[in-house]
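Each remark here refers to the structure printed beneath this line.
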Amino acid sequence: MEERERYNPNEIEPKWQKKWDEDGIYNADIDPAREKYYALTMLPYPSGDLHMGHWFAMTPSDARARFMRMQGYNVMFPIGFDAFGLPAENAAIKRNIHPKEWTYANIERMRGQLRSMGAMFDWRREAVSADPEYYRWTQWFFIKLFEHDLAYRKDSAVDWCPNCNTTLAREQVWGEDRLCERCETPVIKKQLEQWFFKTTNYVEDLLSFEGIDWPERVRTLQTNWMGRSEGASVIFKTEDGDPMEVFTTRADTLWGATFMVLAPEHPLVAKITTAEQKKEVDAYVHQAERQTDIERESADNEKTGVFTGAYAINPVNEERIPIWIADYVLLSYGTGAIMAVPAHDQRDFEFARKYDLEVRVVIQPDEVEPLDGATMEAAVPAYGTMVNSAELTGTPADETILTAIKYVDEKGFGKASVNYRLRDWLISRQRYWGAPIPMVYCEKCGVQPVPDDQLPVLLPDDVEWKPTGESPLKLHPTWKDTTCPECGEAATRETDTMDTFMCSSWYHLRYLSPNYDEGPFDQKEYDYWMPVDTYTGGIEHANMHLVYTRFFHKALRDMGITEGREPMTALRNQGIVLGEDSEKMSKSRGNVAAPDDLVEKYGADVVRAYLMFFTRWTLGGPWDSQGIEGTARWLRRVWTAFADPIESAGQPSEDVVKALRRKLHQTLESVTADYKSFEFNTIVASLMELMNEMYKAREKGAVGSPAWDEATDIYIRMMAPITPHIAEELWERLGKPYSIHQQSWPELDKSATEVDEITLVVQINGKLRDKITVPVGTSDEDAKAKALASETVQKFMDGKEPRKVIVVQGRLVNIVI
RNA sequence: GCCAGAGUGGCGGAACUGGCAGACGCGCUCGACUCAAACUCGAGUGUCCGCAAGGACUUGUGGGUUCGAUUCCCACCUCUGGCACCA
């Protein structure tokens, strides 16, 4: 007997990958005759090795892109690398290897790993953000934003290690004591002049998600992140007449403001603090600097503060109220100053009780005992009738805020105002491995952009890596010396580089034409491919990256560079694959699961299928390779069924054929719907079920019949997006035309899915008691009669009369007794 | 702390729009094949009571709405992501 050929992925996978590549079957080119589809998956950071999270993000995205291709679209599925960033500098310091060398070696390794996925990437479109041809245009965009008044400089605080003399990222600051990760020196804040983009100019536009199919979850996260609130801005003055603007959503509580609180960093603090209070204030400012905003905002953080010695005048009643500073007021939110209304705000209340400040009730909620500021135990933030509020006393609950805003407006010390949590985007980084900010400082001409024809401003390679100290760009002996583009005199370059989010805000445009050198992208490519049809990536990017890229698109649109409201029409997010310990995968935790060993043992198709099967894509979860044997078994079964069919002698019965075709087309129907809605785990489950059904049909002599051949053909097409290699191999062995990946999606035979009889569930008082079989289309009356006639039902009813009978067409009969 | 998401057998998960909870798979048990192992194939497998027929219970916890709740509402607990210099 001839030995059966086993499923051998290690042989077939490289073979097909090579052939696909040579034939360029995944090359996506402009074709006006076909409808385009731009499928974009978030580009990886070249951290070293491709891990399970990358496969989890990319292989389902690939399967979806392949499905769309089989649906007839001209699909572009590009890939690239977000290659600037902090880890490269860490590697440089730790291992004495140049960031560039480290990064490009990683990219080279990851290219190979990405190829092992068998994804339909069009490698001709690859873009690497650290390439000068790429960052030339990142710099060009910076200048465009500058020229359109969307980039500006201002002082802003960074976490600073006074020992290493360097800026630290949040992840480089350790523990509650906030120590430098390298030298364990306590970190301080330092004010530096830095570049910002005016994201706040676009906040209203960003708050609208009109015309895009983005998940509700992301829209909510972004909306809350931008944090729009309506209220009033009111000007308080110090006794010396310095204005202090505050924002409040509760203008109706102005008469209850018994003190003011400034953020410790507020510019007025130094000016107003009295000599007696100075020492205490300085000490407090210093300790506040050492905390993070998150710690400071926490409601359970014990309220602390210091009196400045100065007083403000409450404009509504001209009362003299003390000005305090406290760390729960943040300079980055609102105006960095608040009016404190302890009776109606819990944080203010806790503060007032602690420091024995007056609590004055000015809002009396209806149907509540009259409040007493002296004895109340918590703030009452509810709405109610205004009391103790001079001429506005008695204003009813539903009018208080608007009435109060109108009042301050008329009196001239305030106006209606909208406040946002969104801040302008700080893009300066005091680092080497990033795109240099293309600006020049000239003593005579001031801040000048580098002219287009001098771009890119290249990063110098010959920098010195010191384990401590400032950015190598600053220390480089000559790099920062240049001439002013305006007057030609000696000038200095900006030595900060850009936030890598800047690079990743436009990579989808560079993929259009990565080698184009007359602009950031070729207009012809843009006109055909943009916007992105589906953008896939991790939910962790819901706020930052996905807000920044939208901002970027909108800003470019207003310059006439891009078109339309949004860059990405649809967004779908996968959950996060955690380590086996349920913690986020990271090298430092040592819980990174790598696919390489599994790919070697089982093949890429098995790993792809398992990643799509082991959890719901949107859910993610802790990595667990326990079940991979199941998908491996599935593909071996598929191989056996199709590569080595056992020819049967007779013909299958009509019933067998009908049952097989029914299952086949039911599966096709559900699998098609699941591909459309990114439900990959149930696609694999349905295909497994159909294969089980086919094995049964095989036992009953189905092999060789037209129904079997139909099932085989459709089966391979359905699995092709998930397991592209085995599908291609089986397709070829069955003598079908190359390539499976250039075939169309199968047609559904709806009539084959239909059934003659259905099972109705019979419940008594909502409890399952019996099941009855009825023909499709049975009337409610007949269903009810048949249910009541059932012996089991009779037994449970025990002679009682039904009070009510509910019939749900095609589903159930519920008898209420 | 704030903003989101999740919690279902021993395990991963499924369940359309409020209608049979546990599809599919892992693991486990029994059996077939084999000198043997691997592979493969078949049967079973939520918990408790019962010889069985059958019954009761069961979707993080506690309440509620409903003929009927994994699904809707309220409160709470736990885990995960984000919180602006990780990307």
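Throughout, a chain's letter reflects where its sequence line sits, starting with A, and its residues are numbered from 1. Basis for what follows: all heavy atoms, side chains included, without hydrogens, waters or symmetry-related copies.
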May I ask you to verify if any side-chain N or O of A:Arg217 is less than 4.0 angstrom from the OP1 or OP2 atom of B:rA4? no
Find the runs of at least 3 consecutive base pairs, i with j, i+1 with j-1 and so on, that include RNA chain B, using Watson-Crick or G-U wobble geometry with both distances under 3.5 Å. B:1-7 with B:77-83, B:10-12 with B:24-26, B:27-32 with B:40-45, B:46-49 with B:54-57, B:60-64 with B:72-76
Find the distance A:Tyr610:OH to B:rG25:C1' and express it as a whole number of Å. 9 Å
Phosphate OP1/OP2 of B:rA14: any A:Asn681 side-chain N/O under 4.0 Å: yes
Report each atom pair, protein N/O against N/O of nucleotides 20-22 of chain B, whose distance is under 3.5 angstrom.
from: B:rC20; atom 1: O2; to: A:Lys771; atom 2: NZ; distance (Å): 2.4

Would you please confirm or rule out a distance under 4.0 Å between OP1 or OP2 of B:rG12 and any side-chain N or O of A:Thr615? no
A:Met544 near the nucleic acid: base, sugar-phosphate alone, or nothing, with a heavy-atom cut-off under 4.0 Å? base
Is there a donor-acceptor contact under 3.5 Å linking the side chains of A:Thr497 and A:Trp433? no
Proximal nucleotide (of B:rA14, B:rG19, B:rC26) relative to the A:Ile806 side chain: B:rG19
Would you say a side-chain N or O of A:Lys804 is under 4.0 Å from OP1 or OP2 of B:rU66? no
Between B:rG46 and B:rA53, how far apart are the two P atoms, rounded to whole Å? 14 Å
When you compare B:rA14 with B:rG7, how far apart are their C1' atoms, in angstrom units rounded to a whole number? 15 Å
With rounding to whole Å, what would you report as the distance between B:rU45 and B:rC26 at their C1' atoms? 13 Å
With a 4.0 Å cut-off on heavy atoms, is A:Gln172 in touch with a base, just the backbone sugar-phosphate, or nothing at all? nothing
Polar atoms only, N or O, under 3.5 Å: list the protein pairs with nucleotides 54-58 of chain B and their distances.
from: B:rA56; atom 1: OP1; to: A:Arg769; atom 2: NH2; distance (Å): 3.3
from: B:rA56; atom 1: OP2; to: A:Arg769; atom 2: NH1; distance (Å): 3.3
from: B:rC57; atom 1: OP2; to: A:Lys767; atom 2: NZ; distance (Å): 2.7

Any base atoms under 4.0 Å from A:Trp225, or only sugar-phosphate, or nothing? Heavy atoms, all strands. base
When all nucleic acid strands are considered with a 4.0 Å heavy-atom cut-off, which category describes A:Thr167: base, sugar-phosphate, or nothing? base
Give a yes/no verdict on a cation-pi contact between A:Arg550 and A:Trp214, requiring under 6.0 Å between NZ or CZ and the six-membered ring centre and an angle within 45° of the axis. yes
Every protein N/O lying under 3.5 Å from an N/O of nucleotides 63-65 of chain B:
none

Specify whether A:His54 and A:His51 have parallel, tilted or perpendicular ring planes, treating 30° as the upper limit for parallel and 60° as the lower limit for perpendicular. tilted
Please tell me which of the listed nucleotides, B:rC85, B:rC83, B:rC26, lies nearest to the side chain of A:Leu426? B:rC85
For a quick test of reading the model: is some side-chain N or O of A:Arg219 closer than 4.0 Å to OP1 or OP2 of B:rA4? no
Would you be so kind as to tabulate the donor-acceptor pairs closer than 3.5 Å made by side chains of residues 761-769 of chain A, with sequence neighbours excluded?
from: A:Asn765; atom 1: OD1; to: A:Ile817; atom 2: N; distance (Å): 3.0

For A:Phe614 and B:rG12, give me the distance from atom CZ to atom P, rounded to whole Å. 11 Å
Rounded C1' spacing from B:rC67 to B:rG60 in Å: 27 Å
Which value, in whole Å, describes the distance between the P atoms of nucleotides B:rG9 and B:rU71? 15 Å
Are A:Arg633 and B:rC39 close enough that a side-chain N or O sits under 4.0 Å from OP1 or OP2? no
Which nucleotide sits closest to the side chain of A:Ile576: B:rC24, B:rG81, B:rA87? B:rG81
Nucleotide nearest A:Asn692 (side chain, heavy atoms from C-beta), chosen from B:rG82, B:rC24, B:rG19: B:rC24
Considering every strand and a 4.0 Å limit on heavy-atom distances, what is the contact class for A:Arg431: base, sugar-phosphate, or nothing? base
Could you walk me through whether A:Ile726 and A:Trp639 satisfy the side-chain contact (heavy atoms from CB on, under 4.5 Å) test, starting with their C-alpha distance in whole Å, then the side-chain angles of each, then the deciding distance to 0.1 Å, before giving a yes or no? CA-CA 8 Å; A:Ile726 188 176; A:Trp639 181 269; 4.0 Å; yes
Could you give the distance separating B:rA23 and B:rC74 at their C1' atoms, to the nearest angstrom? 32 Å
Return the value, rounded to whole Å, for the distance between atom NZ of A:Lys190 and atom C1' of B:rC85. 16 Å
Closest to the A:Arg636 side chain, choosing from B:rC11, B:rU40, B:rA23: B:rU40
Classify the nucleic acid contact of A:Val173 as base, sugar-phosphate or nothing, counting any heavy atom under 4.0 Å across all strands shown. nothing
Euclidean distance for P, B:rG81 against B:rC16 (whole angstrom): 27 Å
Run the side-chain donor-acceptor check on residues 422-432 of chain A: report pairs under 3.5 Å with partners two or more places apart or on a different chain.
from: A:Arg423; atom 1: NH1; to: A:Ser332; atom 2: OG; distance (Å): 3.2
from: A:Asp424; atom 1: OD1; to: A:Thr199; atom 2: N; distance (Å): 3.2
from: A:Asp424; atom 1: OD1; to: A:Thr200; atom 2: N; distance (Å): 3.0
from: A:Asp424; atom 1: OD1; to: A:Thr200; atom 2: OG1; distance (Å): 2.6
from: A:Asp424; atom 1: OD2; to: A:Tyr152; atom 2: OH; distance (Å): 2.6
from: A:Trp425; atom 1: NE1; to: A:Asp499; atom 2: OD2; distance (Å): 3.0
from: A:Ser428; atom 1: OG; to: A:Trp195; atom 2: N; distance (Å): 2.6
from: A:Arg429; atom 1: NH1; to: A:Leu426; atom 2: O; distance (Å): 3.2
from: A:Arg429; atom 1: NH2; to: A:Asp499; atom 2: OD1; distance (Å): 3.4
from: A:Arg429; atom 1: NH2; to: A:Asp499; atom 2: OD2; distance (Å): 3.0
from: A:Gln430; atom 1: OE1; to: A:Thr167; atom 2: OG1; distance (Å): 3.0
from: A:Gln430; atom 1: NE2; to: A:Gln194; atom 2: OE1; distance (Å): 3.1
from: A:Gln430; atom 1: NE2; to: A:Asp496; atom 2: OD2; distance (Å): 3.1
from: A:Arg431; atom 1: NH2; to: A:Gln172; atom 2: OE1; distance (Å): 3.4
from: A:Tyr432; atom 1: OH; to: A:His98; atom 2: NE2; distance (Å): 3.4
from: A:Tyr432; atom 1: OH; to: A:Pro460; atom 2: O; distance (Å): 2.7

Is there a side-chain polar atom (N or O) of A:Arg6 under 4.0 Å from OP1 or OP2 of B:rC39? no
Would you check if there is a donor-acceptor pair between the side chains of A:Asn106 and A:Tyr45 at a distance under 3.5 Å? no
Polar contact flag, side-chain donor to acceptor under 3.5 angstrom, A:Arg421-A:Asn224: no
Quick one: is A:Asn765 getting a side-chain N or O under 4.0 Å of the B:rC67 phosphate, OP1 or OP2? no
May I ask you to decide if the ring planes of A:Phe614 and A:Phe56 are parallel, tilted or perpendicular, using 30° and 60° as cut-offs? perpendicular
Of A:Leu422 and A:Glu540, the one whose closest nucleotide on RNA chain B sits nearer the 5' end is A:Glu540
Identified side-chain contact (heavy atoms from CB on, under 4.5 Å) counterpart of A:Met52 within the set A:Leu598, A:Val592, A:Leu578: A:Leu598
For A:Gln194, report the nucleic acid contact type (base, sugar-phosphate, nothing); a contact means any heavy atom under 4.0 Å. base
Whether A:Arg637 contacts B:rU40 is assessed here as follows: a side-chain N or O lying under 4.0 Å from the phosphate OP1 or OP2. Is that the case? no
Candidates B:rG12, B:rA87, B:rC41 - which lies nearest the side chain of A:Phe501: B:rA87
Tell me what A:His545 touches on the nucleic acid: a base, only sugar-phosphate, or nothing, going by heavy atoms under 4.0 Å. nothing
Nearest to side-chain heavy atoms of A:Lys584, which nucleotide of B:rC85, B:rC24, B:rC86: B:rC86
I want to verify a distance call: between B:rC11, B:rC85, B:rA87, whose nearest atom is closest to the A:Asp624 side chain? B:rC11
